[in-house]
Each structure stands twice: as structure tokens, then as C-alpha cells.
Amino acid sequence: MSEISKAYEPQSVEEKWYDFWLKHGCFTADPARVSATRPAYSIAIPPPNVTGVLTMGHVLNNTIQDILARKARMDGKEVLWLPGTDHAGIATQNVVEKTLKKAGEIKHRDDLGREALVAKIWEWKEKYGGIILKQLRALGASCDWSRTRFTMDPEYSRCVQGVFVDLYNKGLIYRGKRMVNWCPASLTALSDEEVVMKEQKGFMYHFRVEVVEHPGTFLTIATTRPETIPADTAVAVNPKDPRYQHLIGKHVIKALPLDVPKEQRVIPIIADEHVTFDFGTGVLKVTPAHDKADYEIGLRHKLPVIDVLTPDGKMTAEAGADLAGLDRFVARKRSAEILEAAGALDKAEPYVNNVGFSERADVPIEPRLSEQWFLKYPSVEASKACVAQPGSAGFQPASGATEHAAKMAALPGQMRFFPDRWAKVYDHWMGGIQDWCISRQLWWGHRIPVWYRGTETYCGLMAPEGAGWTQDPDVLDTWFSSWLWPFATMGWTGDKAEDAKNATLKAFYPTTDLVTGPDIIFFWVARMIMAGHEWMGEIPFRNVYFTGIIRDKQGRKMSKSLGNSPDPLDLIAKYGADALRFGVMRAAPLGQDVLFDEQTVELGRNFCNKLWNACRFRQMVGTGGQASSLPVSAGFQPADEAPDPAIRLGACASEVASKPAVLSEDTQAEIDPALLTADDRWVLARLDQAIREVTQAMADYKFSDATAALYRFFWSEYCDWYVEASKAAFYGSDEKHKANKLAVMDFVLGHLLRLFHPFLPFITEELWHGMGFSADMPVDQGGTTLMFAPWPKAFSADEKAYFGLDDTADQVAQAKYDLVSLGRGLRRDCKIDPAKKVKFVLRPAGDLPPAEVEVVKLLLNAETVEVVAPGWIPEKGTPVAANTLGELFLPLTGLVDYAAERERLGTELEKI
RNA sequence: GCGAGAUUAGCUCAGUGGUAGAGCAUUCGCUUCACACGCGAGGGGUCGCAGGUUCAAACCCUGCAUCUCGCACCA
């Protein structure tokens, strides 16, 4: 026996229940249990970086997934939430390299060499990797940890390489020398998606070059990158530009490098449509080695390519003695100075332009010509077609479980995005899809399964027979492994016969929901859809929920560098995981960015505390005891011995047995409908409404709406009115009504705990047991857990009839509560001390049972509420409040000092 | 340039045709026997602007303004 403490203390509760769930195998999915009556539900977690730690973004994302998973379990589904981590190529290699450098172990990765460094990274991964998965447990995430995957697991790696070989054999993968985005910091190629455009302040330099054929005639060229002048191989103008037409085909002398004789610096003036008249001077310097557009001009005009930059962004000898060896940005300034000194610089005006930055290393990328592997995306058409577009014939906005289910059944192969506007973004990108540069000049990752010997090339899973073969040194883009996530994590092999025997794939693929951020819609979501079609022949998930981005109070994106991201673990320690979950969900409407404020977690904590105390109150009135000495069962400890996990499937089965035939399994039998008061019917009607709203909101993925509905029902309706009104019965003497009210409370709380469970798993489980809702089958005897209790259903017609709930069932009590509010207003208006008990007079519009009057009296904190006949006439000027229930008078005789009041009103009037 | 989203109370946001809502903040008052992580009562908004449709518009239509974010990009 223990007491429920006055305030809820999550710290003592959360770990206990998480261990309990784990021990009982509550999170493990078994394909053998899937059947027509027990459908499968699956989610593949967006794998966090193996080096990562939990951020607020993860909290948002994984709370939503956990809510979906827990709700699905309560709906009687077999749930697989598949967790894992991503090897995150560049990020992880950077972290480990940096750590080694800091520790003084190496100066450069070459000090260790490839094998040794990769071994170090594995070592590091084993030691520190997956911290984030442990942190997710603190949040309550109900992942099937027995299936945890890593993108570099041996089986997973085989999938990645197998897919490469398959695409190679299909002719979709090719190697070629192309202009790619090169990161001078990470020394690797990047895909277009890894480049972010940023505004950069710089200068637009205008400099002159002399036309060879017309000495004394000069062309002025505008450029932001004078350091690349030595790499220019032409000057281009628009063929229709009248200013320059006569010069086409003539030549100019390049301004740099100065140490090369003029004759060797002669380049042609060419005509190309790409040049715009009104930008700059209308004359473009063409640098095929260092600009994507220029490279294409170069191809069109067969221009030579001069590369003046090293991989790490320094000038080569070809840039001339003045610049050689300088960093590209230093060289920019230097070259401008040289031009100026030579009298060739007209002006340098401040200029803002967009420059591509490496997303990871945060340095400007260089367009660079290099030998890379590219992928022509597979299954593009099918992938484009399978996502329902807003406004299209097949698409209806989400509006409910039934309709949703019907829609999915009616549209095989269709996916839906929430919010649907992302479908347009997706469609747009798919429409202009470009080949994907998949090779990376890194060591940490899946090595490209291609070997070379002289001019021979071999692509396969294993090194070819024979001597002299060397494997391609590059690894694959991390996303080239992530795009297989939904099925590679389920043990997919690519071998048809083998996969046909895979029960997990059969039961759980395609997954039901994907929850992720819109920032990786191209990186990940689109590519997974294509991979799904290409290798599984169908979509990888049915619904994609795009979360918003977590921002701070000022609307800034939360980031490590800004230091504006609170540590979720600190918040959990301070407020509890439930509070964090509830707060974040409350603040996160579908598809909207979340302005996060710690206050919202505080609110969540307050909410949990309120729930805790509402249950404490039920315990107190149930035992007739005082709150300070409650002999209750909360705080109880589950038994150590784990019972047969299969028993959990029978959870709440015993609940069904004791019901009248007319009621569903959710309904408690102890309620005697004949004894229900107006308040009881009111709260039951409101509960019914809340069940409808919450269920609907969840079907629409509107979690903030769901929490708002729950908040309103529990706090503003159940606590503020029903519980308060119930005190009239509990402090009264009618034992029969008292018992019935307890039954109603149990009924409401039993439903509430279930409705809250997906959002607040810990406190609800604690109370479910502490309140004795699992008493039919105590946990330590083989146990029920709230996790598998059935999701509440809105009342059926029979149930409504049983409780006497018609459309107006809640109106009497509602009118009563409204009148009470008005009455309290009267007290205030009359400046009556709240502590003072006063006498109200009630002239009811119809019949009003004495019990109802008692409730009014209690809620008004009145000394008496005298019920008078319709003919009763109040003293002139008596304050009155009226509604459909009747008129409530507050006779002031003896309460108010009229003279003082008159004076007060007088001064107030003057003021106005 | 193309596209999307936003604009409602001091703040953050709900609200898709019928008398303006929530939480927080704020004011006043309460150690009322579940809860001060609480209770009660208030104050506060011509719903960005201008037209239009309608008996009726925060909501539908058309412009405009401002902000945010994608995509593309001119050296």
C-alpha cells in the first residue's frame, strides 16, 4: 500500500514502465500474428545519423511516430516500428577525423590510410554510435528494438551493392567526366541536393581587354571571380547584340596571367545565346573549367579547358606566378589588385550574388570537372504517378478513418502526402529530375563494387577472378543506401525466391506511414519511392506525414551553432517525457513550423499533474478518505517475472465479460442508468463528443487538434464542471447516487486514460494500474497493459439509449453551469467577498429537482439557494442573471453598504 | 523569375458561409478539504488592405501589400 503523492513525479514512473513494456515484449512485432482480424501496421523510422544525439526535431518526429504506433496497437493492429541508424558518410568521417586530430593522433587522414581510418570509425561507432536510440527510449518510443538496423550492417551493405550492380547492368549507372559540385573542404563531389544557395556579399569587377584585331579598342567585362581569368578560354557576346556583332570572330588578349606573353593569352570572341544583353556589360568571360554554364558554352564551341584550381581550392601554377598557391579567395583580391595596377580595372562595385555552399562543410562549392559515377533514376514515371496530387480526381482531403480507409482501398498504389501541398513540390522535382552523382571521395561508406584492370571494367558483388584488378576507391552517397530503407531493413535480398519466403516483408511491406521533415523530400522520400517501385514493384509507404521545422521563440531554426536548441533530455529530466510529448504535440499543427518555447512543456507537465490529481480525487471519494492518507494502489511495482508475452494479446478481454448485452466492451456495467443525473448525462455526452473529435483528428494526422480536444474535455469540462458538481453528491448522503457517480467517474477516467495513452504513455500506464483498471487481470499475474487496451469507441445508438443520451441530454446541466457562471459574475459585480457565503434566490423556468439545486448551491459557494415560485417578486434593484434554466437573484440586503457602493459608482461614472 | 505558405487578442495559433475562439501573458480576487503545476471572475480583436459574390464573408472570388520558405538563376 502506498499513497499517491500530491504532485505527479514522472522520474519515478517512466523508467519502470519502459522496462516493463520491454520485458513483456510489447514492442516486438510478429508477422505470424498478422491476420484478417489483426491487420499489420508498420513504420520505418527515419534513421538518425549514427553519430547523432537527440534534438527537438527528433522529439517532434518520433513522438508522432510513437503516437501512431501506439494508437495502431490499441486499434488491435500488429505493429512494427522499425528503428535504426544511418552511417552518414561525410558527417561521421568528419567527426571521427576531427576527434583524432584533436587528440593529436593524426594530422591528416593519410597518416592512417584508408583501412586504418575506417577501422577507427567502426571502433568509434561501436563505442558511441546509437546513443540516440537509447535517448529515444527516454522519450517512450515503442520501437521494435530487436530489429534495429544500421545502413552498414553486412546484410544491408549487400543490398546496397546488389542494387548498384543491378542498375549498372540495366545501363542506368554510368561513369563520366562531368561538371560536379565539388566541396574543397571535404574533398569530395556532392549531389545537387547537397548544395544550398546563399547570398554572398562581394564585388562585381569591371575590367578591360584589348581587341587584337583593333588595337586601341577595348571590351569591358564584368565578373565576380577575377581569379579565374587565367582559366578563360573565350569571351562571349550575344549574337544579336548590335554593340558587339562586328567583333564576333575577332580576338582579345586575356588580362591575366601577366607573366605569360601576350601572344599566348589570345582568346576568341564567340557568340552564344546564353549571354544576356543587359546583364553586366553584355560581355561574358568564358571559364569552362570553373562554371557550369561556361562549361556548356565550352562544349558548344569546342573550347579548351584550363583548370587553375586545386581540389582544395588553391590556385595552380597555370594561374601564373602572381597567384599560384594562393587560396581562391585571397587570389580573388590579389587578381583585382593586379588588374588595377595594370590599369585594366574600371571599377569594383559592391555586389550581392547567390553562391552554392556545401551543406555539410558550409564552404562555397566549386564547379569542378571530374570523373564520377552517375545514376539515371529508375521508375521515374511510376513514382511520379503514384502520389495523389491535390485537386486531382483521386484525391480528397483527409477527413476520417473510414473515408481514408475506403480511399486507400479504392486507389491501390496511391500514396498521400500530408499536408497535400508537398505533393506539388514532389511532382515539380520529379518533372525536372537530373541524374544523380552517387560517388563520393570518402572512405566511410559502401565502396563502389567496380574493379578496373587496364581498360577493363568489372561490376559485381565480389572482386573478379584473376590478378591485377583494383577496386574503385570511391564510396557511395549515403542516400544511395538510405533509399532502400523501408525494405532493406526488413531483410530484403533481391532474390525473388528468397524474398517470397520473408514473412516480415510479406506482412509489413509496404509500410503504412512515413513521418519525416519536408527538407529531405528529395534526398530521401522521392528516392525511396523510386527504389520501392524499382525493386519491390510497389510504393514503399501509404501515407507520408511531413512535420514542420522546430524553431525557437524568435522563429529561428534550431541549430547547434546558434545554441538555441534545448537538450530534450534536460527537458525530460525536468518535466517528464509525457510533458515534453504533450507540449510539443500541442504546439505542432499539421505541416506548420513549430515555434518552440519551454513554456509549452511546462504546460504539459501541469497537464499531467492535473490528470494525476483528478485520479487522486477519484481515489479519495472512492475510499471516503482524506487526500493526505490515501490507501491506494498507485505507485505499485510490476512483478519481476515476465509472463508469457502472448497473454498481452488478451489484454482487457476480461473487461468484456461483465457487460450487459446491449453495451460494447468499453462500457462498464456498474452504471445504473436510472440513477444518472443531468450532470452525469452531460459528462457522458461530452465524452462521446471528445472520443469522436480525437479519433477524427488522429485519422487526419491533426495531433494538435487531438490534444486540444482532450485538453478541453478533461480540464474544462470534466474537471472544471463535472468533478466540482459531483462534490454535491459526495458530500451528501445518498449512497446509491454516490456509488453511481463513482461508476460514471471510472467510466470517464477509463476512457480518458486510453484516449491519452498514445500521447502520454507513462502517466496513463501508471494510473491505469494504480486506479485498478487492470485489476481484472493484475499485471503480476500475467498482465494487461494499457498499451493493448482497446481504443475507445464513440457511443452506439444502443449505448446512447442505455444512458438516456438524446440530442438534448447535455442541455439541462449546461444551462445550470452557464447560470452558475452568471451568478459568480453577479457576486463579483457586487464586490462581494468570495469567502463570504451568500444567499441566492432561484426562480426556475420549469421543474428543478432539489439535487440540481444542491449542485447550483455548491458551485456558487452559496449559503443557500432558495427556490421560489414563479409569482415571486424580488425587491426592486436586485441583481439578476437569467437563462433558459431560470432567473438567479442575489438579494443584497445586509450584504452591501449602499452608501459606499453609491459613492464608488459615482466616482467610476465621473472617471468615464 | 516560377511556385508554395502565412497575415485573426500582447505572444503562439485554432477557426472554410450564420451572434469572433484556445493556451500563454495580463488585471482583479481566492492557503474553498484532488490539484497554487491550482480555483473563480474579467479586460483585450472594425479577423493585412481594396473591391466583388451573397439575405449573410475571418471564411468564397479578384487585385494589392507585407513576411517566410522552396525551386531556378546572369557572368
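Within every chain, numbering begins at 1; the chains are lettered A, B, ... in the order of the sequence lines, protein sequences first and strands thereafter. The structure presented is a predicted model; accordingly, all values stated were derived computationally and were not measured.
Taking the side chain to side chain donor-acceptor pair (under 3.5 Å) definition, one finds that A:Asp720 meets it with nothing, sequence neighbours left out. Under the side chain to side chain donor-acceptor pair (under 3.5 Å) criterion, A:Tyr722 pairs with A:Asp680, sequence neighbours left out.
Rounded to whole Å, the separation between the C1' atoms of B:G45 and B:U8 comes to 7 Å.
For the atom pair CG (A:Asp578) and CD (A:Glu14), the distance works out to 5.5 Å, reported to the nearest 0.5 Å.
Taking the six-membered ring for Trp and the full ring otherwise, the centers of A:Phe417 and A:Phe546 sit less than 6.0 Å from each other. Proximity of the aromatic rings of A:Phe714 and A:Phe607 is defined here by a centroid distance below 6.0 angstrom, and this criterion is met.
Note on A:Thr223: only backbone sugar-phosphate atoms sit closer than 4.0 angstrom, heavy atoms only; bases stay farther off. Contacts of A:Cys719 with the nucleic acid, taken as non-hydrogen atoms under 4.0 Å apart, include base atoms. Within 4.0 Å of A:Val275, counting heavy atoms only, lies at least one base atom of the nucleic acid. The residue A:Arg824 sits close only to the backbone: its heavy atoms come under 4.0 Å of sugar-phosphate atoms, none of a base.
For A:Lys292, no side-chain nitrogen or oxygen approaches OP1 or OP2 of B:A75 to under 4.0 Å. Using a 4.0 Å cut-off, no side-chain N or O of A:Trp715 falls inside it from OP1 or OP2 of B:C37. Between B:C35 and A:Lys610, no contact under 4.0 Å exists linking OP1 or OP2 to a side-chain N or O. For B:G40, neither phosphate oxygen OP1 nor OP2 lies less than 4.0 angstrom from any side-chain nitrogen or oxygen of A:Ser821. At B:C74, none of the side-chain N or O atoms of A:Tyr351 fall inside 4.0 Å of OP1 or OP2 (strictly under the cut-off). Close to B:G38, at under 4.0 Å from its OP1 or OP2, lies a side-chain N or O of A:Asn606.
Taking only side-chain atoms of A:Val723, from C-beta outward, the nucleotide of B:A75, B:A34, B:C37 with the closest atom is B:A34. Which of B:C69, B:C73, B:C35 sits closest to the side chain of A:Glu724 comes down to B:C35. Closest to the side chain of A:Arg421, out of B:A34, B:A4, B:G40, is B:A4. Among B:G23, B:C73, B:A34, the nucleotide with an atom closest to any side-chain atom of A:Arg586 is B:G23. Distance from the side chain of A:Tyr711 is smallest to B:C24 among B:A72, B:C24, B:C35.
We find that A:Lys816 and A:Asp679 are joined by a salt bridge, their nearest charged nitrogen and carboxylate oxygen being less than 4.0 Å apart.
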In the 5'-to-3' direction, what one-character label does each nucleotide of nucleotides 8-20 of chain B receive under the scheme B = base within less than 4.0 Å of a protein heavy atom, S = sugar-phosphate only, - = no such atom? ----SSS------
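Seen from the ring of A:Trp436, A:Arg527 counts as a face-on cation partner, given the 6.0 Å and 45° thresholds.
Partner assigned to B:A20 is none, using Watson-Crick or G-U wobble distances below 3.5 angstrom.
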